[in-house]
Amino acid sequence: MNKVRIGIIGLGNMGTGHAKYLINNEVKGAELTAICEFRADRLEWAKENLGEGVQLFDNLDTFLASGTIDGVLIATPHYDHPEVAAKAFKAGLHVLCEKPAGVYTKQVRQMNEAAQASGKVFSMMYNQRTNPLYKKLKDLVSSGELGEIRRTNWIITNWYRSQSYYDSGGWRATWAGEGGGVLINQDPHQLDLWQWTIDMMPKRVRAFCYFGKHRNIEVEDDVTAFVEYENGATGLFVTTTGEAPGTNRFELSGDRGKIVIEDGKLTFWRLRVSEREFNETFKGGFGQPECWKCEIPIEGQETGHKGITQNFVDAILHGTPLVAPGEEGIKGLMLSNAMLLSTWTDNWVDLPIDEELFEQHLQDKIKNSKVNKEAGFKTLDV
């Protein structure tokens with residue numbers, strides 16, 4: 001195989017964006033050969049803009065069995081991701097899935113099992129993993145430059161969304177349509193990077209989610225979560241869609257200093273000796289370790305969605321290691337599920353979470369949602 005024939009499932013905003021760079025041959029070794037979409041107007045757009053070489057389907061099963069594709073790029077509504085991926089794996093196809101992996105970890109775990117059984121390449125569209133800032137942060141942490149992690153703190157409040165945004169689609173910000181609010185819609189990348197850069201998941205979570213606090217919606221639009229790690233470190237995650245101006249600041253404190261990512265810069269306050277060593281040897285009254293403020297040079301460019309798609313294709317053709325293995329999609333989702341469950345139960349939640357309990361609470365929310373679940377699927381434009 002010297003070309004990977006890719007079929008896109010879903011031509012909403014994201015699917016359309018993927019189709020454009022693929023049809024323009026901006027991913028080496030990839031060829032867009034098919035589209036699966038049930039909306040007639042989107043199929044008409046594909047017919048007019050993608051050319052005769054791209055076959056169009058309005059039935060998923062027919063699409064998967066067509067023999068026109070080697071892999072799929074899933075850009076459907078959130079709830080559909082695991083089921084569609086499982087069907088693709090069963091059909092012997094490679095899968096690249098848009099974030100989030102799903103809405104609740106139970107369905108995503110089943111998707112991961114299907115991926116493992118298939119032996120096919122499975123990647124998640126975590127395009128922020130190609131951002132040189134976070135790649136450098138991960139390198140500094142994994143190399144030991146920061147020492148043992150003691151505290152993590154991410155304030156991500158620059159997701160401002162007006163009421164008119166939510167009113168633009170009846171499925172938006174509903175339990176039946178999206179499965180949640182800011183955590184499932186805006187924050188999947190940050191929740192993924194939070195654990196990926198430090199290679200560490202919390203052991204338990206206590207969160208306070210506020211539902212419709214700033215907007216007339218039924219899901220969470222303001223969240224403050226506190227986490228504890230196995231090594232004794234703690235963390236804080238604060239997010240909202242109702243604050244202006246917002247902040248995007250990720251701060252890590254370790255035994256050898258502090259790293260802050262903000263405004264496109266990575267700053268490292270590096271201690272000359274570790275805090276632990278200083279504390280053990282210092283005999284004065286007041287004092288602290290010598291500290292150097294270092295503006296860390298960042299090399300490379302963020303390759304974004306195209307970078308992840310290129311990596312997916314390279315993994316199929318050449319065995320290149322994946323930047324964002326699909327199985328890791330469950331980690332960030334576990335964090336958002338834990339935050340919601342902690343709020344719903346008004347208690348600490350241990351990780352891994354009680355998946356049955358979470359699904360039970362979610363189904364209760366769906367039953368009382370403003371939109372019917374099935375109708376939500378048929379009108380969602382991601």
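Predicted model only: the values in this text are computed from it and were never measured. This chain uses plain numbering: 1 for the first residue, then up along the sequence. Values reported hereafter were calculated over all heavy atoms of this structure, with side chains retained and with hydrogens, waters and symmetry mates removed.
Partner of D192 under the salt bridge (charged side-chain N to carboxylate O under 4.0 Å, His left out) criterion, chosen from R129, K331, K99: R129. For the pairing with T247, the side chain to side chain contact (heavy atoms under 4.5 Å, CB included) check across D263, N158, T157 returns one residue only, T157.
Side-chain atoms of E83 and M111, non-hydrogen and from C-beta on, never get closer than 4.5 Å to each other. Side-chain contact between V238 and I156 is absent, with no heavy-atom pair separated by less than 4.5 Å. Side-chain contact between L333 and Y104: absent, with no pair of heavy atoms (C-beta onward) separated by less than 4.5 Å. A 4.5 Å side-chain heavy-atom check between R215 and R161 finds every atom pair outside the cut-off. The shortest distance between side-chain heavy atoms of N112 and R109 does not fall below 4.5 Å. Side-chain contact between W269 and V260 is present, with at least one heavy-atom pair separated by less than 4.5 Å. Residues I9 and L60 meet the side-chain proximity criterion, which asks for heavy atoms closer than 4.5 Å. In this structure, the side chains of R276 and E148 come closer than 4.5 Å at one or more pairs of heavy atoms.
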query: Can you check side chain to side chain contact (heavy atoms under 4.5 Å, CB included) on K138 and W196, steps first, answer last?
result: CA-CA 7 Å; K138 184 174 177 63; W196 179 70; 3.4 Å; yes
query: Between H305 and M14, is a side chain to side chain contact (heavy atoms under 4.5 Å, CB included) present by the stated rule, with each step listed?
result: CA-CA 10 Å; H305 297 103; M14 293 309 306; 3.3 Å; yes
message: For a side chain to side chain contact (heavy atoms under 4.5 Å, CB included) check, start with the C-alpha distance between L137 and F250, then their side-chain angles and the critical distance, and finish with the verdict.
response: CA-CA 10 Å; L137 173 61; F250 187 21; 3.5 Å; yes
- request: Show your working on side chain to side chain contact (heavy atoms under 4.5 Å, CB included) between V72 and L64 and close with a plain yes or no.
  value: CA-CA 9 Å; V72 299; L64 294 175; 4.2 Å; yes
- request: May I have the step-by-step check of side chain to side chain donor-acceptor pair (under 3.5 Å) for T152 and Y229, ending in yes or no?
  value: CA-CA 10 Å; T152 68; Y229 297 94; 3.2 Å; yes
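In plain terms, the two heavy atoms of A173 and Y166 that are nearest each other are CB-CD2, 3.5 Å. Closest heavy-atom contact between L266 and I298: CB-CD1, 4.1 Å. The minimum heavy-atom distance linking C209 with M339 is given by the pair SG-O, 3.6 Å. Residues V323 and N311 come closest through the heavy atom pair N-OD1, 2.8 Å. Closest approach of P100 to H78, counting heavy atoms only: CD-CD2, 3.4 Å. Smallest separation of non-hydrogen atoms from I353 and A338: CG2-CB, 3.7 Å.
Q128 places no side-chain N or O within donor-acceptor distance of the main-chain N or O of L193, the cut-off being under 3.5 Å. Between the side chain of T234 and the main chain of V227, no donor-acceptor pair closer than 3.5 Å is present. The main-chain N or O of M201 is never found under 3.5 Å from a side-chain atom of Q195 such that the two would form a donor-acceptor pair. With hydrogens and angles ignored, the 3.5 Å screen pairs a side-chain donor or acceptor of D221 with a backbone N or O of H214.
Sequence neighbours left out, the pairs with a member in residues 113-140 that pass ring pair (Phe, Tyr, Trp, His ring centres under 6.0 Å) are F89-F122, Y134-W154. Within the structure, side chain to side chain donor-acceptor pair (under 3.5 Å) pairs that include any residue of residues 279-294 comprise R272-E290, E290-W292 (at least two apart or interchain). Among residue pairs with one or both ends in residues 197-212, those qualifying as side chain to side chain donor-acceptor pair (under 3.5 Å) are R204-E228, R206-S342, R206-D346; sequence neighbours excluded.
With no hydrogens or angles considered, no side-chain donor-acceptor pair links Q360 and D364 at under 3.5 Å. Inspection of the T105 and E355 side chains reveals an N or O donor paired with an N or O acceptor under 3.5 Å. Donor-acceptor pairing under 3.5 Å is recorded for the side chains of E98 and H18. Donor-acceptor pairing under 3.5 Å is recorded for the side chains of Y21 and T309. Using modelled atom types, one finds no donor on one side chain facing an acceptor on the other under 3.5 Å when comparing Q186 with T241. A donor and an acceptor atom, one from each side chain of E295 and T267, are located under 3.5 Å apart.
How far NZ of K47 is from CD of Q55: 13.5 Å, rounded to the nearest 0.5 Å. Between the CD1 atom of I8 and the CD1 atom of I35 there is a distance of 4.5 Å, given to the nearest 0.5 Å. For the atom pair CD (E145) and NZ (K136), the distance works out to 9.5 Å, reported to the nearest 0.5 Å. Of the inter-residue distances, the one linking F312 atom CZ with S123 atom OG reads 7.0 Å to the nearest 0.5 angstrom. Taken from CZ in R42 to CG in L56, the straight-line distance is 11.5 Å, to the nearest 0.5 Å. The CD atom of Q107 sits 9.0 Å away from atom CG of D80, with the distance rounded to the nearest 0.5 Å.
Under 4.0 Å is where a charged nitrogen must lie from a carboxylate oxygen, and between E251 and R151 at least one such pair does. Salt-bridge formation is not detected for the pair R256/E275: no Lys NZ or Arg NE/NH1/NH2 atom is positioned less than 4.0 Å from an Asp or Glu carboxylate oxygen. Using a 4.0 Å cut-off between a side-chain N of Lys or Arg and a carboxylate O of Asp or Glu, E359 and K106 qualify as a salt bridge. The pair E26-K306 meets the salt-bridge criterion, with a side-chain N (NZ, NE, NH1 or NH2) lying under 4.0 Å from an Asp/Glu carboxylate O.
Residue L335 is grouped with residue F237 when hydrophobic side chains (ILVMFWY) are merged at heavy-atom distances under 4.5 angstrom, including chains of intermediate members. The hydrophobic clustering, which links ILVMFWY residues whose side-chain heavy atoms are closer than 4.5 Å, places I6 and I69 apart. Using a 4.5 Å cut-off between side-chain heavy atoms of Ile, Leu, Val, Met, Phe, Trp and Tyr, with links allowed through other members, I366 and L341 fall into the same hydrophobic cluster. Transitive grouping of hydrophobic side chains (ILVMFWY, heavy atoms separated by less than 4.5 Å) brings W194 and V349 into a common cluster. Under the 4.5 Å side-chain heavy-atom criterion for grouping Ile, Leu, Val, Met, Phe, Trp and Tyr, V84 is connected to V95 within one hydrophobic cluster.
Counting heavy atoms of neighbouring residues, nucleotides and ligands inside a 6.0 Å radius, atom CD of Q116 does not exceed 12 of them. Taking a 6.0 Å sphere around NZ of K213, one finds it holds more than 12 heavy atoms contributed by other residues, nucleotides or ligands. When the shell of 6.0 Å around NZ of K265 is examined, it contains 12 or fewer heavy atoms from other residues, nucleotides or ligands. Residue K135 qualifies as open at atom NZ: its count of foreign heavy atoms under 6.0 Å is 12 or below.
Every salt bridge (Lys or Arg N to Asp or Glu O under 4.0 Å) that D61 has, sequence neighbours left out, goes to K87. The side chain to side chain donor-acceptor pair (under 3.5 Å) check on H94 picks up nothing, with sequence neighbours excluded.
Think of V273 as one node in a network of Ile, Leu, Val, Met, Phe, Trp and Tyr side chains linked at under 4.5 Å; its network also takes in F278, F282.
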